[in-house]
Amino acid sequence: MNILMVCLGNICRSPLAEGIMIEKLRKAGKNYFVDSAGTGGWHSGESPDQRSITIAAKYDIVDRSSKIARKIHLDDFKRFDLVLAMDSSVYTDLIKLASPESQNKASPSKIFR
(Lines give C-alpha, C1' and ligand atoms only; values in the text may rest on other atoms or scores of the structure.)
Protein backbone atom coordinates (compact mmCIF):
# COMPACT_ATOMS: atom_id res chain seq x y z
CA MET A 1 0.00 0.00 0.00
CA ASN A 2 1.15 3.55 -0.78
CA ILE A 3 0.04 6.37 1.55
CA LEU A 4 0.40 10.11 0.95
CA MET A 5 0.12 12.63 3.80
CA VAL A 6 -0.95 16.12 2.62
CA CYS A 7 -0.97 19.55 4.28
CA LEU A 8 -0.64 23.06 2.83
CA GLY A 9 3.09 23.60 2.31
CA ASN A 10 4.67 20.22 3.09
CA ILE A 11 7.10 21.61 5.66
CA CYS A 12 5.30 21.14 9.02
CA ARG A 13 2.38 18.78 9.46
CA SER A 14 2.66 16.37 6.55
CA PRO A 15 6.40 15.56 6.91
CA LEU A 16 5.84 14.97 10.62
CA ALA A 17 2.75 12.86 9.87
CA GLU A 18 4.81 10.95 7.30
CA GLY A 19 7.40 10.12 9.97
CA ILE A 20 4.72 9.11 12.48
CA MET A 21 3.03 6.86 9.92
CA ILE A 22 6.31 5.25 8.89
CA GLU A 23 7.11 4.54 12.55
CA LYS A 24 3.66 3.12 13.34
CA LEU A 25 3.68 0.90 10.24
CA ARG A 26 7.21 -0.31 10.98
CA LYS A 27 6.19 -1.25 14.54
CA ALA A 28 3.16 -3.08 13.12
CA GLY A 29 5.38 -5.03 10.72
CA LYS A 30 3.91 -3.38 7.63
CA ASN A 31 6.15 -2.48 4.71
CA TYR A 32 4.13 0.33 3.12
CA PHE A 33 5.47 3.27 1.14
CA VAL A 34 4.68 6.62 2.79
CA ASP A 35 5.32 10.08 1.37
CA SER A 36 4.05 13.61 1.89
CA ALA A 37 3.17 16.66 -0.20
CA GLY A 38 1.48 20.03 0.06
CA THR A 39 -1.46 21.53 -1.80
CA GLY A 40 0.54 24.75 -2.32
CA GLY A 41 3.92 24.94 -3.97
CA TRP A 42 5.34 27.98 -2.18
CA HIS A 43 7.72 25.83 -0.06
CA SER A 44 8.70 23.39 -2.83
CA GLY A 45 12.37 22.48 -2.53
CA GLU A 46 12.63 23.49 1.15
CA SER A 47 13.46 21.31 4.13
CA PRO A 48 10.93 20.69 6.90
CA ASP A 49 10.35 23.44 9.45
CA GLN A 50 12.76 23.22 12.37
CA ARG A 51 9.85 22.86 14.81
CA SER A 52 8.75 19.64 13.08
CA ILE A 53 12.29 18.32 13.13
CA THR A 54 12.56 19.12 16.86
CA ILE A 55 9.24 17.40 17.68
CA ALA A 56 10.23 14.33 15.66
CA ALA A 57 13.53 14.08 17.53
CA LYS A 58 11.85 14.60 20.91
CA TYR A 59 9.46 11.67 20.33
CA ASP A 60 11.90 9.39 18.45
CA ILE A 61 9.92 9.67 15.23
CA VAL A 62 11.64 8.69 11.99
CA ASP A 63 13.96 11.54 10.98
CA ARG A 64 12.42 13.49 8.08
CA SER A 65 14.92 16.40 8.18
CA SER A 66 16.25 15.52 4.72
CA LYS A 67 12.72 15.56 3.26
CA ILE A 68 12.29 18.06 0.43
CA ALA A 69 8.90 19.78 0.22
CA ARG A 70 6.86 19.21 -2.91
CA LYS A 71 3.46 20.09 -4.28
CA ILE A 72 0.93 17.33 -4.88
CA HIS A 73 0.58 16.21 -8.51
CA LEU A 74 -2.41 14.73 -10.30
CA ASP A 75 -0.35 11.55 -10.79
CA ASP A 76 -0.23 11.13 -7.01
CA PHE A 77 -3.86 10.01 -7.11
CA LYS A 78 -2.73 7.15 -9.38
CA ARG A 79 0.44 6.32 -7.39
CA PHE A 80 -1.12 6.32 -3.91
CA ASP A 81 -3.85 4.10 -2.52
CA LEU A 82 -4.71 6.51 0.29
CA VAL A 83 -4.27 10.30 0.39
CA LEU A 84 -4.70 11.65 3.94
CA ALA A 85 -5.50 15.33 4.40
CA MET A 86 -4.19 17.05 7.51
CA ASP A 87 -7.28 19.29 7.83
CA SER A 88 -10.69 19.90 6.27
CA SER A 89 -9.53 22.71 3.96
CA VAL A 90 -6.78 20.47 2.55
CA TYR A 91 -9.37 17.71 2.10
CA THR A 92 -11.61 20.13 0.17
CA ASP A 93 -8.65 21.08 -2.05
CA LEU A 94 -7.84 17.41 -2.68
CA ILE A 95 -11.42 16.62 -3.71
CA LYS A 96 -11.36 19.54 -6.16
CA LEU A 97 -8.03 18.37 -7.58
CA ALA A 98 -8.82 14.66 -7.88
CA SER A 99 -10.66 13.14 -10.79
CA PRO A 100 -14.12 11.78 -9.88
CA GLU A 101 -12.80 8.20 -9.92
CA SER A 102 -9.89 9.13 -7.60
CA GLN A 103 -11.83 11.15 -5.03
CA ASN A 104 -12.44 8.06 -2.91
CA LYS A 105 -8.68 7.85 -2.24
CA ALA A 106 -8.73 11.18 -0.38
CA SER A 107 -9.65 11.11 3.26
CA PRO A 108 -9.61 13.63 6.08
CA SER A 109 -7.13 12.33 8.64
CA LYS A 110 -8.69 11.96 12.05
CA ILE A 111 -5.49 10.47 13.42
CA PHE A 112 -3.66 13.77 13.60
CA ARG A 113 -6.33 16.08 15.04
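For the numbers below, each heavy atom of this structure counts, side chains included, while hydrogens, waters and symmetry mates do not. Keep in mind that this is a model prediction, so the values were computed, not measured.
For residues 35-44, the pairs satisfying salt bridge (charged side-chain N to carboxylate O under 4.0 Å, His left out) are D35-K67, D35-R70, with sequence neighbours left out. The salt bridge (charged side-chain N to carboxylate O under 4.0 Å, His left out) analysis of residues 51-63, with sequence neighbours excluded, yields the pairs D49-R51. Each salt bridge (charged side-chain N to carboxylate O under 4.0 Å, His left out) pair with one or both residues in residues 91-104, not counting sequence neighbours, would appear here, but there are none.
At a threshold of 4.5 Å between non-hydrogen side-chain atoms, the residues L84 and M21 count as touching. The shortest side-chain heavy-atom distance between I11 and S47 does not fall under the 4.5 Å cut-off. Between T92 and I95, every side-chain heavy-atom pair lies at or beyond the 4.5 Å cut-off. Between S52 and P15, every side-chain heavy-atom pair lies at or beyond the 4.5 Å cut-off. At a threshold of 4.5 Å between non-hydrogen side-chain atoms, the residues V83 and V6 count as touching.
For the atom pair M86 CE and N10 CG, the distance stands at 10.5 Å (nearest 0.5 Å). With rounding to the nearest 0.5 Å, the separation of OG in S14 from CG in L8 is 9.0 Å. The distance from atom CD of E46 to atom CD1 of I68, rounded to the nearest 0.5 Å, is 9.5 Å. For the atom pair H73 NE2 and K78 NZ, the distance stands at 13.0 Å (nearest 0.5 Å).
Remark: N104 pairs with no residue by the side chain to side chain contact (heavy atoms under 4.5 Å, CB included) rule, at least two apart or across chains. For the side chain to side chain contact (heavy atoms under 4.5 Å, CB included) test, residues two or more places apart in sequence or in another chain that qualify with I53 are P48, Q50, S65.
For the residue pair S102/S99, the side-chain donor-acceptor check at 3.5 Å is satisfied.
L82 and I22 fall within a single hydrophobic cluster, where Ile, Leu, Val, Met, Phe, Trp and Tyr side chains are chained together by heavy-atom contacts under 4.5 Å.
Nearest heavy-atom pair across A106 and Y91 is O-CE1, 3.6 Å. For the pair A17 and M5, the tightest heavy-atom approach, listed with the atom from each and the gap, is CB-CE, 3.7 Å. Heavy atoms only, all atoms of each residue included: E18 and S36 are closest at OE1-OG, 2.6 Å. The two residues G9 and A69 come nearest to each other via the heavy atoms O-CB, 3.8 Å.
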Do any side-chain atoms of residues 27-34 form donor-acceptor pairs under 3.5 angstrom with protein atoms, and if so which ones, sequence neighbours left out?
none

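In this structure a side-chain-to-backbone donor-acceptor pair under 3.5 Å is missing from E23 to I61. Using modelled atom types, no side-chain atom of K71 and backbone atom of G40 make a donor-acceptor pair closer than 3.5 Å. N2 places no side-chain N or O within donor-acceptor distance of the main-chain N or O of D81, the cut-off being under 3.5 Å.
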K105 vs L4, side-chain contact (heavy atoms from CB on, under 4.5 Å): CA-CA, chis, key distance, verdict
CA-CA 10 Å; K105 292 184 177 187; L4 183 65; over 6 Å; no

Trace of the side-chain contact (heavy atoms from CB on, under 4.5 Å) decision for I72 with L94:
CA-CA 9 Å; I72 191 168; L94 291 173; 3.5 Å; yes

